[in-house]
Amino acid sequence: KKKKDLPPVIVRILRKYRLYHFGRPDRYSECPFQAKFLVADKSWSVTVVLWNSLCMDWYKHLQPGMVLRLHNYIVKKDYAARMRQDSGVREEPVLELNLNPRNPAAEITG
């Protein structure tokens with residue numbers, strides 16, 4: 001599922017979702033947060049997921065309407081798409097771009 005050397009993408013933020021805390025008492029994570037954004041260019045829309053310390057670095061700064069350059073992301077099937085039956089209707093994104101603070105370290109320019 002992981003693809004290396006994907007080209008950078010230029011997108012506009014359409015929607016900013018709430019910051020999500022996923023910490024659990026039985027697991028340690030230095031920064032257990034996730035933030036989601038709906039982004040698009042002229043031809044497609046996807047969900048962008050920021051993980052861990054990237055949330056702290058970017059969540060307050062990123063706002064709908066901003067244009068971003070994203071690089072070193074991982075493409076996955078959108079979580080919501082994985083959980084619902086495929087009705088054939090494509091109203092919601094079917095892919096998500098995951099940006100991590102490492103392995104690979106995501107690059108966000110905005």
Sub-4.5 Å side-chain heavy-atom contact between [X] and [Y]:
| X | Y | result |
| --- | --- | --- |
| Ile108 | Arg69 | no |
| Leu97 | Val49 | no |
| Thr47 | Phe37 | no |

Which atom pairs, one a donor and one an acceptor, fall under 3.5 Å between side chains of residues 7-20 and the rest of the protein, sequence neighbours left out?
unit_1	atom_1	unit_2	atom_2	d
Arg12	NH1	Gly65	O	2.7
Lys16	NZ	Tyr59	O	2.7
Lys16	NZ	Leu62	O	3.1

Single-linkage hydrophobic cluster, 4.5 Å side-chain cutoff, Val46 and Leu38 together: no
Leu70 with Val67, same ILVMFWY side-chain cluster at under 4.5 Å: no
Least distance between heavy atoms, [X] atom then [Y] atom:
| X | Y | answer |
| --- | --- | --- |
| Leu50 | Cys55 | O-SG, 3.3 Å |
| His61 | Met66 | O-SD, 3.3 Å |
| Lys77 | Leu95 | CA-CD2, 4.3 Å |
| Asn98 | Trp51 | OD1-NE1, 2.7 Å |
| Asn52 | Pro101 | CB-CG, 4.1 Å |

For His71, all residues meeting ring-ring contact (aromatic ring centres under 6.0 Å, His included), sequence neighbours excluded: none
Thr109: partners by side-chain hydrogen bond (donor to acceptor under 3.5 Å, both in side chains), with sequence neighbours left out: none
Straight-line distance of Lys36 NZ to Glu96 CD, nearest 0.5 Å: 5.5 Å
Side-chain donor/acceptor of Asn100 to backbone N/O of Ala105, under 3.5 Å: no
Pair Leu99-Val48, side chain to side chain contact (heavy atoms under 4.5 Å, CB included): steps then yes or no: CA-CA 7 Å; Leu99 289 96; Val48 167; 3.2 Å; yes
